[in-house]
Amino acid sequence: MGLDEAKSLIDSWAQHEGAGRDRLLPLLHAVQDEIGYIDDALVPAIAAALNLSRADVHGVLTFYHDYRRQPAGRHIVKLCRAESCQSRGGAAVEAAAAERLGVAMGETRRDGQVTLEPVYCLGLCAIGPNALVDGRPVARIDTAALDRIAAEVAA
Amino acid sequence: MTRVFISRDMASVALGADEVARAFADAGCEVVRTGSHGLFAIEPLVEVEAGDRRIAYGPVTTADVAAILDGTHPNCLGEIAALPFFARQQRFTFARCGIVDPLSLADYAAHGGWIGLDIARAAEPQAVVDAVKASGLRGRGGAGFPTGIKWQTVLDAPGATKYIVCNADEGDSGTFADRMLMEGDPFCLIEGMAIAAHAVGASHGYIYIRSEYPFAIQTMRDAIALSAGRIAPFTLEVRAGAGAYVCGEETALLDSIEGKRGQVRAKPPLPALSGLFGKPTVINNVLSLAAVPFILAEGAETYANVGFGRSRGTMPVQLAGNVKHGGLFEVGFGITLGELVNDIGGGTASGRPVRAVQVGGPLGAYFPPSMFDLPFDYEAFTQAGGLIGHAGITVFDDSVDMAHMARFAMEFCAVESCGKCTPCRIGSTRGVEIVDRIIAARETEPARAAAQGGMLGKALYSRAPDRIDVSLGAQTALLRDLCDTMKYGSLCALGGFTPYPVLSALNYFPEDFGHFPEDFGAPAPVLAAAE
């Protein structure tokens with residue numbers, strides 16, 4: 001999607017869903033769902049659509065961990081780092097995941113195939129270590145599960 | 001046609017429930033997707049209808065389908081309710097979870113749904129508030145504030161526009177009860193919010209759900225659409241969070257709904273008087289609101305009769321981490337920590353000895369097994385220097401390094417701090433650095449000499465900044481001092497409660513910090529509640 005298309009998407013979203021300040025998080029979610037990230041070049045359009053300042057939008061955009069300002073990889077693997085998963089060998093799985101997926105935690109692989117991100121609790125705390133692979137929950141991650149995930153993101 | 005019941009709960013799906021459900025559908029069965037009963041060791045769980053009974057099998061894979069259908073499968077569990085894990089529970093809030101189709105209005109009504117709302121709407125708002133007060137219900141999100149008193153404040157507040165906000169930002173590791181309820185019995189939460197709306201005179205409500213719970217967000221949106229007519233004129237909407245732990249703090253959550261950075265507000269004013277968009281607002285946790293339909297339908301006394309001391313009713317306890325029988329266990333207050341971990345949880349999943357349990361999420365204290373006679377009760381936990389929080393219990397075996405867990409608590413606070421107050425924003429970063437120095441020093445220093453240095457502590461401050469005393473004892477003293485500052489100086493529980501895991505790790509597991517157990521004497525309560 002080009003920038004002009006994105007801008008008209010933002011305008012029509014605001015017309016349809018409302019343009020109050022409290023619509024900012026839902027609009028940012030909508031843009032990211034559609035384009036995969038929130039390009040800095042879209043900030044003025046978002047601000048205008050909701051009658052906010054660009055600084056307002058920038059402040060919110062940079063506060064929340066979910067919003068991306070750069071494109072992610074084609075596949076996104078979110079691995080839980082919270083205490084419950086740690087108590088079930090999470091640290092070792094984290095190291096193994098980075099090795100098998102060929103990318104450090106918090107980064108996108110150079111070929112753009114996969115992004116590995118930390119997440120703090122998916123609420124699956126008795127069956128960890130857990131991950132979300134492109135939105136699909138996976139429990140009891142071990143090396144065999146990591147191999148399956150690595151094959152999946154290679155596709 | 002054979003009817004089978006298979007959970008659509010996110011945990012069950014993570015263990016393969018979707019594939020199993022598809023296999024049963026392919027075999028010609030009518031598959032009903034329910035919530036989870038809450039014992040994850042037997043998920044994916046399949047229940048086969050036989051007359052008015054359901055015969056359970058679990059855990060199940062697609063390879064088991066044929067044997068289950070011809071009744072020859074060896075993993076037959078009989079009826080779920082008879083299993084010890086379930087027989088020992090008192091299910092008030094989670095009575096329907098695992099049994100009904102979460103998105104079937106007919107199922108909900110057939111299992112006692114809407115009775116509470118009808119009773120509430122036939123009564124004066126004050127009578128509803130009085131019933132909630134009489135039940136003794138206290139905020140299940142962690143603070144334990146009496147729910148009825150909060151509602152009374154909003155009822156009495158002047159203003160035509162009031163809001164009901166459900167805090168479904170369940171960010172604590174080791175907790176999943178909110179998620180399970182929203183995915184398994186969403187109408188229960190909706191009914192509770194509609195009752196709250198009638199009680200205080202609100203017409204619109206928000207459910208703020210963290211983005212890490214995509215299944216709960218979808219289920220609640222679907223359930224709201226289905227029940228809109230039933231709860232009218234009250235209206236509801238879901239707001240999805242955006243990955244900020246601090247938005248579980250009620251005032252930060254309100255700012256987030258308003259479209260701002262999720263930063264905490266100084267109190268007063270209380271949200272009950274000036275909350276969302278400056279209007280009087282009831283803000284309650286999922287479990288508090290979901291307890292209300294039962295209280296109205298069955299009577300406040302029935303609820304209050306269960307419990308311990310000033311902690312009335314039931315608590316959906318979540319057994320998590322390295323535990324054999326992890327899951328949701330709803331029970332009256334007063335059960336001991338040891339019963340929960342050892343008898344019900346069955347000890348560790350790894351089979352190694354339990355070394356520590358963290359109660360109440362990343363801001364909760366770590367307890368050693370020597371504290372296992374502690375009764376589950378708000379006051380008892382406060383006295384012991386901990387908190388019940390959202391009643392998540394995360395079990396660790398003896399391979400855990402408690403200094404690393406203390407470091408993680410500080411690191412988590414640093415990552416998630418909203419940045420508004422200095423003790424939390426800066427203190428957490430300095431805390432990581434101090435624990436790093438302790439971890440570096442513990443390998444090399446003779447612990448007792450270092451500890452004695454720490455007891456004096458003062459020496460640290462008399463030195464020039466370029467000659468900071470990096471000895472173990474000095475750093476331990478500094479860590480305690482920093483925790484004190486964070487506790488008293490932080491605006492909200494994130495900075496204010498991070499000292500719980502840090503100091504409890506240090507006090508109960510001093511050997512992991514390079515100290516001898518006797519260096520600190522008998523472990524004193526970590527600190528009184530900061531709120």
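Lettering follows sequence order; numbering is per chain, from 1.
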How long is the straight-line distance from [atom2] of [Y] back to [atom1] of [X], given to the nearest 0.5 Å?
{"X": "A:R81", "Y": "B:F408", "atom1": "CZ", "atom2": "CZ", "result": "5.5 Å"}
{"X": "A:L25", "Y": "B:S211", "atom1": "CG", "atom2": "OG", "result": "10.0 Å"}
{"X": "A:C125", "Y": "B:F40", "atom1": "SG", "atom2": "CZ", "result": "8.5 Å"}
{"X": "A:E83", "Y": "B:Q358", "atom1": "CD", "atom2": "CD", "result": "4.5 Å"}
{"X": "A:R23", "Y": "B:R239", "atom1": "CZ", "atom2": "CZ", "result": "4.5 Å"}
{"X": "B:E212", "Y": "A:N130", "atom1": "CD", "atom2": "CG", "result": "13.0 Å"}

* Part of B:E411 within contact of chain A (heavy atom distance under 4.5 Å) -> side chain
* Which answer fits B:C247, side chain, backbone, both or neither, if we ask what part of it has an atom under 4.5 Å from a heavy atom of chain A? -> side chain
Below 4.5 Å, heavy-atom pairs only: which of [options] has the largest tally toward chain A?
{"options": "B:A177, B:A41, B:G174", "answer": "B:G174"}
{"options": "B:V323, B:V246, B:D9, B:I257", "answer": "B:I257"}
{"options": "B:G243, B:G241, B:G326", "answer": "B:G243"}

* Side chain, backbone, both or neither of A:V119 within contact of chain B (heavy atoms, under 4.5 Å) -> side chain
* **Part of A:L132 lying under 4.5 Å from any heavy atom of chain B** => side chain
* Between A:S84 and B:S173, does any side-chain donor sit less than 3.5 Å from a side-chain acceptor? -> yes
* Exercise: do A:Y64 and B:S256 side chains pair donor with acceptor under 3.5 Å -> yes
Quick one: does [X]'s side chain have a donor or acceptor within less than 3.5 Å of a partner on [Y]'s backbone?
{"X": "A:H65", "Y": "B:Y245", "value": "no"}
{"X": "B:R179", "Y": "A:G123", "value": "yes"}
{"X": "A:R140", "Y": "B:L15", "value": "no"}

* Asked: Is the count of non-hydrogen atoms from other residues, nucleotides or ligands lying under 6.0 Å from B:K420 atom NZ greater than 12?
  -> yes
* Crowded around B:E237 CD? As in, over 12 foreign heavy atoms under 6.0 Å? -> yes
Would you list the atom pairs, donor with acceptor, under 3.5 Å between side chains in residues 396-403 of chain B and any protein atom, with sequence neighbours excluded?
unit_1	atom_1	unit_2	atom_2	d
B:D397	OD1	B:S399	N	2.9
B:D397	OD1	B:S399	OG	2.5
B:D397	OD2	B:N322	ND2	3.1
B:D397	OD2	B:S350	OG	2.6
B:D398	OD1	B:R352	NE	2.7
B:D398	OD1	B:R352	NH2	3.2
B:D401	OD1	B:A403	N	3.0
B:D401	OD1	B:H404	N	3.3
B:D401	OD1	B:R442	NH1	3.2
B:D401	OD2	B:H404	NE2	3.4
B:D401	OD2	B:R442	NH1	3.4
B:D401	OD2	B:R442	NH2	2.8

* Structure fact -> Checked A:V138, A:L122, A:L24 vs chain B; the most non-hydrogen pairs under 4.5 Å come from A:L122
* To do: Kindly say whether the aromatic ring centers of A:Y120 and B:F412 come within a distance under 6.0 Å.
  => yes
